[in-house]
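So the structure is just underneath, and the comments pick up after that.
In the text below, chain A, chain B and the rest are named by the order of the sequence lines, each starting its count at 1. Side chains are part of it too, since the values below use all heavy atoms of this structure and drop only hydrogens, waters and symmetry mates.
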There are 2 protein chains.
Amino acid sequence: MASEPKNGHAETQERILHAAERLFAMQGYDGTSIRDITAEADCNVAAVNYHFGGKDKLYVETFRRLLVDLRDRRIVSMRRDMSAVSDPSLEYFLESFANAFLEPLVDGSRGRLLLSFFANEMTGNHLPKDLFLDEFIRPMVQVTTEGLQQTGPPLDPMIARMCMMSIVGQLLHTLKGLPFFSNPKGPPLVPTELGDHIKHVVRFSAAGIRACAAPMEAS
Amino acid sequence: MASEPKNGHAETQERILHAAERLFAMQGYDGTSIRDITAEADCNVAAVNYHFGGKDKLYVETFRRLLVDLRDRRIVSMRRDMSAVSDPSLEYFLESFANAFLEPLVDGSRGRLLLSFFANEMTGNHLPKDLFLDEFIRPMVQVTTEGLQQTGPPLDPMIARMCMMSIVGQLLHTLKGLPFFSNPKGPPLVPTELGDHIKHVVRFSAAGIRACAAPMEAS
DNA sequence: TGACTTTTCAAACACTTGTTTTATACTGCC
DNA sequence: GGCAGTATAAAACAAGTGTTTGAAAAGTCA
């Protein structure tokens with residue numbers, strides 16, 4: 001087993017993962033052929049099957065790495081923010097969460113890749129079902145509802161999670177819809193700056209959360 | 001040109017559209033072969049190219065029909081609700097919108113198809129770019145911000161549209177996330193009933209909207 | 001009926017897919 | 001040196017893709 005890079009560029013295995021990351025993200029699973037990948041990784045078609053045992057296995061491995069990386073970046077970012085001030089406000093938490101949530105998805109080219117990767121996987125379903133829930137959703141739900149209950153008004157846990165869903169939904173929709181709405185032929189329908197949307201979501205959601213804590217008025 | 005159904009089942013053209021609708025929705029563009037479609041439509045492979053001029057054209061036509069149908073159902077439903085009462089409240093509008101938005105996506109099998117179709121298209125991008133924006137987004141934005149400004153507090157148009165984005169984001173995320181969150185091995189993380197989520201979104205968003213109308217406090 | 005168009009069909013075409021085979025280089029070890 | 005084990009490569013494989021062809025069938029209208 002050679003442990004040194006060969007003539008300047010990385011191991012074949014790593015080159016394949018890199019190429020796969022980019023191509024799966026941009027073109028989806030079905031849209032990417034093994035030959036696309038091996039061409040970009042500058043190796044033979046057989047290499048994928050040799051090193052990973054098939055296209056599907058390569059896909060899962062590629063996605064798993066991205067998923068874990070994203071999760072950890074978010075959690076670290078939030079924990080850092082939350083321990084930076086004493087007695088953080090609800091608005092502070094929401095902004096920290098929004099940034100931790102969005103930052104890895106928009107910074108540089110890797111962010112766009114991740115976002116695109118997720119979008120593709122959402123519909124394609126080429127992953128083992130539990131990978132996503134166990135390795136990604138649950139930890140995020142855990143740490144976020146925690147922060148919410150720490151900074152916000154007292155909330156029933158289930159309602160707290162629905163509030164987090166409301167926020168995540170807004171953020172995701174903003175990310176997906178922004179290029180759509182902000183650059184048509186006419187004047188933009190909504191602000192073009194992501195920061196403006198974050199401010200809006202924070203304001204909108206802080207009020208929403210507080211309303212969910214208030215006793216329900218008869219309707 | 002035969003204008004009568006032939007021996008009991010519809011014209012080939014219509015049968016193809018029907019099958020395409022179902023298959024494109026469930027398996028996406030790449031995941032569906034012409035042979036899949038023609039097998040389900042009970043006709044020859046060549047029929048697709050004869051009647052539609054290619055797989056891509058068939059896809060666009062299939063999607064266009066669904067899109068227009070969905071848009072009209074939503075708009076009709078909202079207009080009906082809004083003219084059913086005099087001086088409707090913000091909460092009333094929000095609930096009407098949420099129902100008009102979700103109903104076509106969850107009723108019976110066709111709703112699920114539509115939802116799945118949309119999800120697939122979001123990532124696949126097999127449509128002419130303007131079709132979606134011009135025939136779908138703009139009319140919806142028009143009628144919804146209208147209703148919002150009619151029932152809610154006075155809002156800057158751009159802020160009104162951001163509020164609508166907030167609501168749509170929540171609804172879409174609920175729809176996508178609900179099967180995920182509500183049926184794991186353990187106890188459900190959030191309510192399993194869509195109606196409970198709608199109530200939450202209405203409450204959450206009404207407060208959010210009112211907060212967006214209030215003059216911004218210094219932060 | 002017979003000419004004419006529209007529609008259907010089986011077959012073939014040219015191409016891409018994921019995977020496997022077979023052979024060749026390279027590694028470290030004795 | 002020779003001999004494992006690992007890694008790469010070219011070629012071939014079987015299956016599936018969208019599309020086209022050319023002929024047969026069905027339908028239309030004089």
Could you check how far [atom1] of [X] sits from [atom2] of [N], rounded to whole Å?
X       : N      : atom1 : atom2 : answer
A/Ile34 : D/dA14 : CD1   : P     : 18 Å
A/Asn49 : D/dA9  : CG    : P     : 15 Å
B/Arg15 : C/dT8  : CZ    : C1'   : 10 Å
B/Gln13 : C/dT6  : CD    : P     : 14 Å
A/Ile16 : C/dG18 : CD1   : C1'   : 14 Å
A/Asp36 : C/dT19 : CG    : C1'   : 16 Å
A/Ile37 : C/dT16 : CD1   : C1'   : 15 Å
B/Glu11 : D/dA26 : CD    : C1'   : 12 Å

Taking DNA chain D as the partner, which of residues 51-59 of chain B come within under 4.0 angstrom of it by heavy atom?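 Residues of residues 51-59 of chain B that come under 4.0 Å of DNA chain D are, in numerical order, B/Gly54, B/Lys55.
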Main-chain N/O of B/Leu113 paired with B/Ser116 side-chain donor or acceptor, under 3.5 Å: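 It does not hold such a pair.
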Just by modelled atom types, is the B/Asp42 backbone N or O under 3.5 Å from a matching donor or acceptor in the B/Arg15 side chain?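 Confirmed, B/Arg15 side chain pairs with B/Asp42 backbone.
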Look at the side-chain N and O atoms of A/Thr12 and state whether any lies under 4.0 Å from the OP1 or OP2 oxygen of D/dT8.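 The answer is yes; a side-chain N or O of A/Thr12 sits under 4.0 Å from OP1 or OP2.
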Would you indicate, yes or no, if D/dG16 has its OP1 or OP2 atom less than 4.0 angstrom from a side-chain nitrogen or oxygen of B/Ser33?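 For D/dG16, neither OP1 nor OP2 has a side-chain N or O of B/Ser33 closer than 4.0 Å.
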At 4.0 Å (heavy atoms only), tell me whether A/Ala47 reaches a base, stays on the sugar-phosphate, or touches nothing.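 Result for A/Ala47 = nothing.
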Could you check whether B/Thr38 gets within reach of a base, just the sugar-phosphate, or nothing at all, counting any heavy atom under 4.0 Å?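 Here B/Thr38 touches no strand at all.
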Any idea which of C/dC9, D/dA7, C/dT17 is nearest the B/Asn44 side chain?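 Nearest to the side chain of B/Asn44 among the choices is C/dC9.
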From the list C/dT6, C/dT19, C/dA10, which nucleotide is the closest neighbour of the side chain of B/Tyr50?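 Ranking C/dT6, C/dT19, C/dA10 by closest atom to the B/Tyr50 side chain puts C/dT6 first.
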Centroid-centroid under 6.0 Å between B/Tyr59 and B/Phe117 rings: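 That pair passes the under 6.0 Å test.
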Could you check whether A/Phe118 and A/Phe63 have their ring centres less than 6.0 Å apart?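 When the ring centroids of A/Phe63 and A/Phe118 are compared, they turn out to be within the sub-6.0 Å range.
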What about A/Arg35: does its side chain form a donor-acceptor pair under 3.5 Å with the base of C/dG18?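 By the distance-only test, yes, there is a pair.
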Any side-chain heavy-atom pair from B/His126 and B/Asp30 closer than 4.5 angstrom?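 SC-SC contact between B/His126 and B/Asp30 confirmed.
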From the options A/Lys57, A/His18, A/Glu21, select the one residue that forms a side-chain contact (heavy atoms from CB on, under 4.5 Å) with A/Thr62.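 Considering A/Lys57, A/His18, A/Glu21, a side-chain contact (heavy atoms from CB on, under 4.5 Å) with A/Thr62 is found only for A/Glu21.
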Apply the test salt bridge (charged side-chain N to carboxylate O under 4.0 Å, His left out) to residues B/Arg138 and B/Asp130: give CA-CA distance (whole Å), side-chain angles for both, the deciding distance (0.1 Å), then the verdict. CA-CA 11 Å; B/Arg138 280 191 199 282; B/Asp130 290 340; over 6 Å; no
